[in-house]
J.: 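Would you mind keeping the following structure in view while I ask a few things?
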Amino acid sequence: MNAAIVGIGATDFSKDSGRSELQLAAEAVRAALEDAGLTPSDVDGLVSFTMDTNAEIAVARELGIPELTFFSRVHYGGGAACATVQQAAMAVETGAAEVVVCYRAFNERSGHRFGQVQTAAAANIDNSWSYPMGLGTPAAMVAMFAQRYMHEYGATSEDFGRIAVIDRKHAATNPHAWFHDRPITLDDHQSSRWIAEPLRLLDCCQESDGGVALVVTSAQRAKDLPNEPAHVKAATQGSSADQFTMTSYYRDDLTRLPEMGVVARGLWERSGITRSDVDVAVLYDHFTPFVLVQLEELGFCGRGEAKDFIRTGALELDGDLPLNPHGGQLGEAYLHGMNGIAEGVRQIRGTAVNQVANVGHVLVTAGTGVPTSGLVLGQA
């Protein structure tokens, strides 16, 4: 693809921002433009999530962006993260816009909390089959999936806990992370309270206030900008048979995330790289069990083998596949995966707090269990 991420910006990550969501969006976009060495007058495209309350025209007004020739939104919550970059890249490649900013901002802890029961959502056709049975929160929905996965493959709560321990270990050395300087042990994980068995508190991502923005432009223009660009080697979306929102209990195999398999095939085919070429994996970690299944869908290990793969130490910073060096959504912040893309850019630049040596390619995934998306970022 002839596009690159040339700027990244974020607000602080907190539990009570004290600002409107529009202000958070404007702060993040302005920071990303400053990082890119560009101004609001350079921007002619904006992309966000359908769940974001900040209209493109409102963001443009706040920042003084004079004209927009491209504006777009992507569905399905966290599954939209990498797709925003995909749409921005397509706009740049087709000439629909020259500089496109992707943004996501919310007060998800002090305002609308996605992890709580949403009574209005019960009317949605995807939810109407499961809400009456008590599956009214994301954690409860994933817990059903995780229970079946454990039954089929012998995974344990400790296997899920190893993901939480790794994320929090990396967050502990990241000054921007909410859980900076607060690592956990596996014993801490095992003693944390149940949220929806088999999910414990430390299996669930945090709730955060904040905003993140990314600036996308052509590879040619990127050469004249101050930072090393993170080239978009591939960007794909994926939905599979019998797709429902969050999880599907109606497939023949309840232990898979085939929509991530669709994304994986597209990423490997379009990027031209293999799994062994991936130097860092930034995997969407809203709930720990889905990290294991992503490793399998992406082909880093066989079906049911993720627990064994993790036990080898492969996901450590010095392992074969370093996971979420920023701390992920469990450790840094929950910004619907946009902060994970920003970490991918830092790893390509070589400026990350927990920098992995000799990074040539970074894999980033978006929300799992819903129609989803993914990216491969690389050097020129």
Side-chain angles (χ1 to χ4, degrees), residues 9-29 46-59 61-62 71-81 83-84 102-128 130-131 134-143 177-179 195-196 199 201 203-214 244-247 284-287 290 328-342 366-373:
T11 66
D12 59 311
F13 302 135
S14 73
K15 303 302 181 186
D16 187 1
S17 72
R19 288 106 84 195
S20 70
E21 293 184 334
L22 181 57
Q23 184 174 345
L24 293 173
E27 288 179 20
V29 173
L46 291 170
V47 183
S48 189
F49 296 49
T50 55
M51 294 179 71
D52 200 286
T53 63
N54 305 296
E56 299 93 319
I57 56 174
V59 173
R61 284 197 311 271
E62 291 300 312
F71 36 93
S72 180
R73 292 189 167 229
V74 188
H75 291 288
Y76 304 118
T84 65
C102 310
Y103 65 91
R104 180 76 173 105
F106 52 38
N107 286 318
E108 199 269 335
R109 179 60 180 84
S110 65
H112 178 76
R113 298 175 64 180
F114 302 148
Q116 294 187 330
V117 175
Q118 308 296 329
T119 54
N124 181 293
I125 187 65
D126 281 15
N127 296 331
S128 62
S130 53
Y131 263 55
L135 301 181
T137 66
M141 295 172 186
V142 175
W178 176 256
F179 286 113
I195 297 299
L199 298 187
L201 175 65
D203 287 309
C204 306
C205 74
Q206 56 183 308
E207 297 175 309
S208 304
D209 288 9
V212 175
L214 316 160
F244 277 69
T245 302
M246 198 63 207
T247 55
Y284 199 89
D285 57 338
H286 54 339
F287 298 102
F290 276 0
Q329 297 179 115
L330 290 166
E332 185 184 59
Y334 173 71
L335 264 295
H336 261 160
M338 295 292 277
N339 52 317
I341 302 174
T368 49
V370 295
T372 187
S373 55

J.: I'd like to check the ring pair (Phe, Tyr, Trp, His ring centres under 6.0 Å) partners of Y103; sequence neighbours left out, ordered by chain and number.
T.: none
J.: Can you name the closest pair of heavy atoms from A196 and A140 and give their distance?
T.: CB-CA, 3.9 Å
J.: Where do L335 and G210 come nearest, in terms of heavy atoms and distance?
T.: CD1-O, 3.3 Å
J.: Could you tell me whether a side-chain N or O of D52 sits under 3.5 Å from a main-chain N or O of A105, the two making a donor and an acceptor?
T.: yes
J.: Who are the side chain to side chain donor-acceptor pair (under 3.5 Å) partners of S72, not counting sequence neighbours?
T.: Q87
J.: By side chain to side chain donor-acceptor pair (under 3.5 Å), which residues pair with T368, not counting sequence neighbours?
T.: none
J.: Measuring from atom CG of D285 to atom CG of L330, what distance do you get when rounded to the nearest 0.5 angstrom?
T.: 4.5 Å
J.: Is there a side-chain contact between C205 and F287, using heavy atoms and a 4.5 Å cut-off?
T.: no
J.: Taking the side chain as everything from C-beta on, heavy atoms only, tell me whether P371 gets closer than 4.5 Å to H75.
T.: no
J.: Would you say that more than 12 heavy atoms from the other residues, nucleotides or ligands in this model lie under 6.0 Å from the CZ of F13, or not?
T.: yes
J.: Applying side chain to side chain donor-acceptor pair (under 3.5 Å), can you list everything that pairs with T50, at least two apart in sequence or on another chain?
T.: none
J.: With rounding to the nearest 0.5 Å, note down the distance linking CE in M141 to CZ in F244.
T.: 11.5 Å
J.: Can you sort out the partners of F71 under ring pair (Phe, Tyr, Trp, His ring centres under 6.0 Å), two or more places apart, ordered by chain and number?
T.: none
J.: Output yes when a side-chain donor or acceptor of T11 lies under 3.5 Å from a complementary backbone atom of G211, and no otherwise.
T.: yes
J.: Would you give the length of the straight line joining atom NE2 of H336 to atom OG of S48, rounded to the nearest 0.5 angstrom?
T.: 10.5 Å
J.: Which atom pair, heavy atoms only, marks the closest approach of A81 to I341?
T.: O-CD1, 3.6 Å
J.: Any side-chain heavy-atom pair from S17 and L24 closer than 4.5 angstrom?
T.: yes
J.: State whether the side chain of T372 and the backbone N or O of G79 hold a donor-acceptor pair below 3.5 Å, judged by distance alone.
T.: no
J.: What heavy-atom pair brings G78 and A366 nearest, and what distance separates the two atoms?
T.: O-CB, 3.2 Å
J.: With a sphere of 6.0 Å drawn around CD1 of I57, does it hold more than 12 non-hydrogen atoms of other residues, nucleotides or ligands?
T.: no
J.: Kindly write out the residues that satisfy side-chain contact (heavy atoms from CB on, under 4.5 Å) with E21, not counting sequence neighbours, or none if the list is empty.
T.: T53, N54, F106, N107
J.: Using 30° and 60° as the class limits, which term best fits the ring planes of H286 and F290: parallel, tilted or perpendicular?
T.: tilted
J.: Is a side-chain donor or acceptor of N339 paired with a backbone partner of E332 at a separation under 3.5 angstrom?
T.: no
J.: Go through the steps for T84 and R104 under the test side-chain contact (heavy atoms from CB on, under 4.5 Å), then give the verdict.
T.: CA-CA 10 Å; T84 65; R104 180 76 173 105; over 6 Å; no
J.: Just to verify, what does E27 make a side chain to side chain donor-acceptor pair (under 3.5 Å) with, not counting sequence neighbours?
T.: R19, Q23
J.: Without swapping roles, check the side chain of K15 against the backbone of S110 for a donor-acceptor pair under 3.5 Å.
T.: no
J.: Salt bridge (charged side-chain N to carboxylate O under 4.0 Å, His left out) with E56: which residues, sequence neighbours excluded?
T.: R73
J.: Would you compute the distance between atom OG of S208 and atom CD of E108 and round it to the nearest 0.5 angstrom?
T.: 7.0 Å
J.: At what distance, to the nearest 0.5 angstrom, does SG of C102 lie from CG of L214?
T.: 5.5 Å
J.: Return yes if some donor-acceptor pair links the side-chain N/O of Q329 with the main-chain N/O of G337 below 3.5 Å, else return no.
T.: yes
